[in-house]
S.K.: 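What follows is a single structure, and I will ask about it in a moment.
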Amino acid sequence: MSEQLALRSARVVVTRHWWVIRGANPWTPLVEGLFEPFLYLMSIGVGIGTLIGHEGRVIAGGYSYASFVAPALLATSAMNTAANQTIWGTWYRLQFEKFYDSLVTTPLTTTDIGVGEAWAATARGGLAGICFLGVIAALGMVHSLWAVAAIPAVVLIAFSFASAGLAVATIMRELHHNQYVQLVMLPMFLFSATFYPLSVYPTVVRDVVAVLPLYQSTVLARGLTLGRVGSDQVIAVAYLAVMGSGALWFACRRLGGLLAL
Amino acid sequence: MDDGLFCSCVILRLYCLISRDICNRAVLVANLAPVTALVEARGLVKVYAPKDRKSEPFTAVDGIDFTLHRGEVFGFLGPNGAGKSSTMRMLSCVSPVTGGTISILGMDAATDGRAIRSRLGVVAQDDALDNELTVRENLLIYGLYFGLSKAVASERASELLQFAQLEERAADRVSALSGGMRRRLSIARSLLNRPDVLLLDEPTTGLDPQARHILWDKLYQLKQQGVTLVLTTHYMDEAEQLCDRLVVMHKGKIVAEGSPRQLIEAYASREVLELRFAVTAEAAPADKIREADLCHRLEVLPGRLVCSTDDGERTLAGAHRLGIRPDSAIVRRSSLEDVFLSLTGRSLVD
Amino acid sequence: MTLAIDNGDPANALPRRIGWVGARRALSYHLFRYRRTWRGTVVISIVNPLLFLLAIGLGLGRVVGNHAPTLHGTSYLAFFAPGMLAAAAMQNGIIESAFPVSRATAPGGSYAVAKTTPLDPTDIMIGHLLFMALRIAMSATAFVAIMVALGATRSLSVLLTIPAATLTGLAFAAPTAAWAARAANPEAVGKLFKWVVMPLYLFSGTFFPVRQLPPVLRDLAYATPLWHGVQLCRSLSMGTATLGAALGHAAYLAGLFVVGIVLARHAYRRRLYV
């Protein structure tokens with residue numbers, strides 16, 4: 001019964017987020033979320049694709065180079081939207097604004113708060129990803145019906161990064177620690193086989209990259225939009241599910257320590 | 001200006017001549033003007049341009065005159081929005097005057113801002129300290145603005161840390177200081193260039209009682225060393241404690257001027273009798289008191305009657321004879337607060 | 001101990017106009033501060049562009065190879081690195097001006113303190129811009145050193161890319177300072193990065209030749225200051241610079257810088273002397 005109650009109470013937190021979005025212009029964050037991956041797609045996917053010429057088609061397995069980059073950007077946009085939501089938004093309310101100090105005096109538990117925050121961020125990240133999926137489908141960069149499965153896949157990606165971000169938000173003590181977060185997010189974006197296959201790297205680097213969560217997300221998304229699904233995608237799903245639930249469990253425990261003193 | 005004030009001004013000027021300026025002849029030659037007045041404002045006006053098309057231009061200061069003398073503590077007293085801070089900004093030469101003139105240390109604020117500012121100390125309302133630096137570094141870095149050499153800045157920083165009782169915190173980050181310490185540090189900083197005049201905008205707003213008293217002691221110390229202090233405040237006790245002379249500002253105008261004692265004598269009776277009733281029960285007794293003409297001035301507030309009188313106990317006895325039975329009664333000396341409220345009214349200005 | 005008046009103080013003896021003296025004092029303020037806070041700036045100004053250089057320049061360079069038709073035989077790394085140098089300079093110019101200026105102008109910021117000293121708003125502005133120039137030049141120098149180490153350039157004229165990149169950064173820093181002194185808050189700065197910096201970054205010839213763009217976008221890209229910065233740095237790094245073209249690009253950037261200074265001077269005066 002406690003699990004059921006937790007989910008129902010967590011909805012309060014989600015409702016709060018929904019009211020914030022409803023109060024502002026709900027389209028603004030959506031357009032802003034699409035803008036950056038779209039620019040990257042046009043610049044690197046199309047621009048560099050032209051530069052590479054034939055080599056790009058080889059990488060993408062016969063499709064355009066942009067079709068190769070697009071799913072990576074899809075995974076990245078779900079990651080960025082979800083993780084930024086928890087790393088900055090939740091962190092701000094938790095450690096700076098101290099908003100949750102006022103919530104723990106209500107029947108809500110710290111687990112409700114953690115689950116609610118992860119839920120809301122997953123919704124935002126998933127929505128951003130699904131919209132971007134629509135964009136790349138419209139541009140003809142989706143080449144398989146498997147792409148329908150990319151919708152839940154994107155939600156899974158958003159969930160695992162929302163939870164990871166939540167865990168970071170419970171650890172980070174000061175605002176200037178944000179540069180360490182950047183120090184992880186940017187290289188992950190640049191090196192997770194986003195713009196070229198893993199085979200470019202020397203063997204040692206390949207192994208390191210292969211365990212990055214964004215690499216796994218990219219493998220999942222790319223497999224589905226290009227219609228090449230195999231054991232790699234199954235592993236990626238398992239990886240993301242484990243990482244997401246593990247991070248959420250950790251974050252809720254940390255929240256308990258931070259709020260319920 | 002009455003005689004007492006005139007005399008004190010003469011004495012002040014003599015004091016200035018003897019104690020400091022004579023010791024420093026070069027300055028005396030350069031600055032004959034301070035002998036007459038340190039600051040002289042005539043017909044001062046500040047109008048802010050409208051923020052957007054819908055709003056009107058706002059007149060914050062509406063034609064005020066005042067003169068400050070060397071060595072005195074001068075206060076601007078007034079509710080929020082009276083024009084105190086605007087006047088202070090014009091005095092610190094960071095806000096161009098819309099009309100009128102200010103002469104400071106014999107120079108014109110409109111053209112000699114740079115030279116004037118080099119001889120002012122300014123303590124702003126928000127301390128504007130650098131939270132990422134230590135207490136001592138906050139002083140040293142400020143010295144750079146005045147072109148002080150490292151050695152001089154360092155020597156003065158040590159002196160000032162001692163003055164501000166912050167020696168033990170010298171190596172701490174500013175972010176770890178309490179409100180009172182921050183204010184003392186920002187006063188110490190403003191003294192780094194050894195200013196002729198120190199301008200303080202609401203120096204004790206937001207501080208707890210202990211911190212306020214420490215700060216008053218520090219300001220009093222400065223006053224005794226002959227620093228001219230100009231401060232704004234909306235605390236009556238602060239004005240009574242510190243100011244030799246003050247002006248009461250209201251809606252951009254000066255509505256009264258004098259020493260705290262003079263103001264109380266001129267604008268308030270000797271004592272005040274306050275009678276408390278249940279709310280709405282004050283109307284009938286108020287009529288009785290008025291009919292019997294028991295006091296100079298009667299103010300009727302919800303549940304409360306404030307009677308200005310020469311002898312509070314006698315007025316209270318008179319009220320008792322009229323059959324008035326208040327829940328409680330207080331007799332007290334008139335304060336600057338009574339002056340202030342009678343001049344600016346009781347309603348909130350904001 | 002006397003804390004009080006000391007009119008014989010050399011600090012108080014200031015001429016009516018101090019010009020560069022004031023700006024130098026404002027600069028020394030920023031330098032003093034930087035000696036205490038430099039650690040926080042390394043990641044964003046040096047590590048970030050370096051990561052792009054490795055991931056895109058080296059990584060993608062392996063894919064592109066030497067046979068990209070639009071690169072005329074040069075390696076992608078040699079093409080991309082100087083472009084990235086200019087783009088990083090732009091980014092550093094904006095980072096160094098947007099956040100610090102909006103923070104310094106806000107209530108309780110460092111300008112509020114500086115303006116009550118003998119410095120006037122123009123001194124404060126020039127001093128801060130000098131500091132920005134120094135920061136941009138430092139980051140550019142580090143970047144060029146890495147470029148050389150990676151073998152991305154072999155021309156001696158690459159040394160000239162340091163002042164070229166600094167000029168590029170300043171061409172953005174000065175107008176940004178003018179804007180930030182007036183209107184900026186952290187949210188607005190975020191928007192500036194998203195809607196202005198990112199598009200410039202991705203479409204001004206850093207990643208691929210502007211020639212490839214459709215005609216309308218291409219002409220638009222030619223008009224952007226970053227394209228001129230990229231062209232200038234690239235020609236100097238590859239050793240293909242001609243005097244006329246280089247001067248043309250530099251003049252465009254210098255012009256933007258001067259316009260920025262004029263606007264900033266006005267904005268600082270309006271904002272600080274209310």
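Reminder, nothing fancy here: chain letters follow the sequence lines and each chain counts from 1. Computed from a prediction, not measured in an experiment: that's the story for all the values here.
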S.K.: Answer yes or no: is there a donor N or O on one side and an acceptor on the other, between the side chain of A:Y196 and the main chain of C:A55, under 3.5 Å?
M.R.: yes
S.K.: So which heavy atom on A:I48 is nearest to which on C:Y76, and how close?
M.R.: CD1-OH, 3.3 Å
S.K.: Please check if the number of heavy atoms outside C:F193 that lie under 6.0 Å from its CZ is greater than 12.
M.R.: yes
S.K.: At their closest point, which heavy atom of C:V63 faces which heavy atom of A:E55, and how far apart are they?
M.R.: O-CG, 3.3 Å
S.K.: Contact between A:Q182 and C:N48 at the side-chain level, heavy atoms closer than 4.5 Å - yes or no?
M.R.: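 The answer is yes; the side chains approach within 4.5 Å.
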S.K.: Which region of A:F189, side chain (C-beta onward) or backbone (N, CA, C, O), has a non-hydrogen atom less than 4.5 Å from a non-hydrogen atom of chain C, or is it both or neither?
M.R.: neither
S.K.: Can you see which heavy atom on A:V200 is nearest to which on C:G59, and at what distance?
M.R.: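 Minimum heavy-atom contact is CG1-O, 3.7 Å.
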S.K.: Is any side-chain heavy atom of C:I56 less than 4.5 Å from a side-chain heavy atom of A:I44?
M.R.: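 Of all side-chain heavy-atom pairs linking A:I44 with C:I56, at least one is under 4.5 Å.
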S.K.: Please determine whether side-chain contact (heavy atoms from CB on, under 4.5 Å) holds for the pair C:L54 and A:L190, giving the CA-CA distance in whole Å, both sets of side-chain angles, and the decisive distance to 0.1 Å.
M.R.: CA-CA 9 Å; C:L54 291 176; A:L190 289 172; over 6 Å; no
S.K.: Could you look at A:F35 and say if it's the side chain, the backbone, both or neither that has a heavy atom under 4.5 Å from chain C?
M.R.: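 The side chain, not the backbone.
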S.K.: Would you mind checking which part of A:Y65 comes under 4.5 Å of any heavy atom in chain C, side chain (CB onward), backbone (N, CA, C, O), both or neither?
M.R.: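 Answer is side chain: those atoms of A:Y65 sit under 4.5 Å from chain C.
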S.K.: Under 4.5 Å, counting heavy-atom pairs only, tell me which of A:F195, A:Y201, A:F191 racks up the most with chain C.
M.R.: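 The option with the most such pairs is A:F191.
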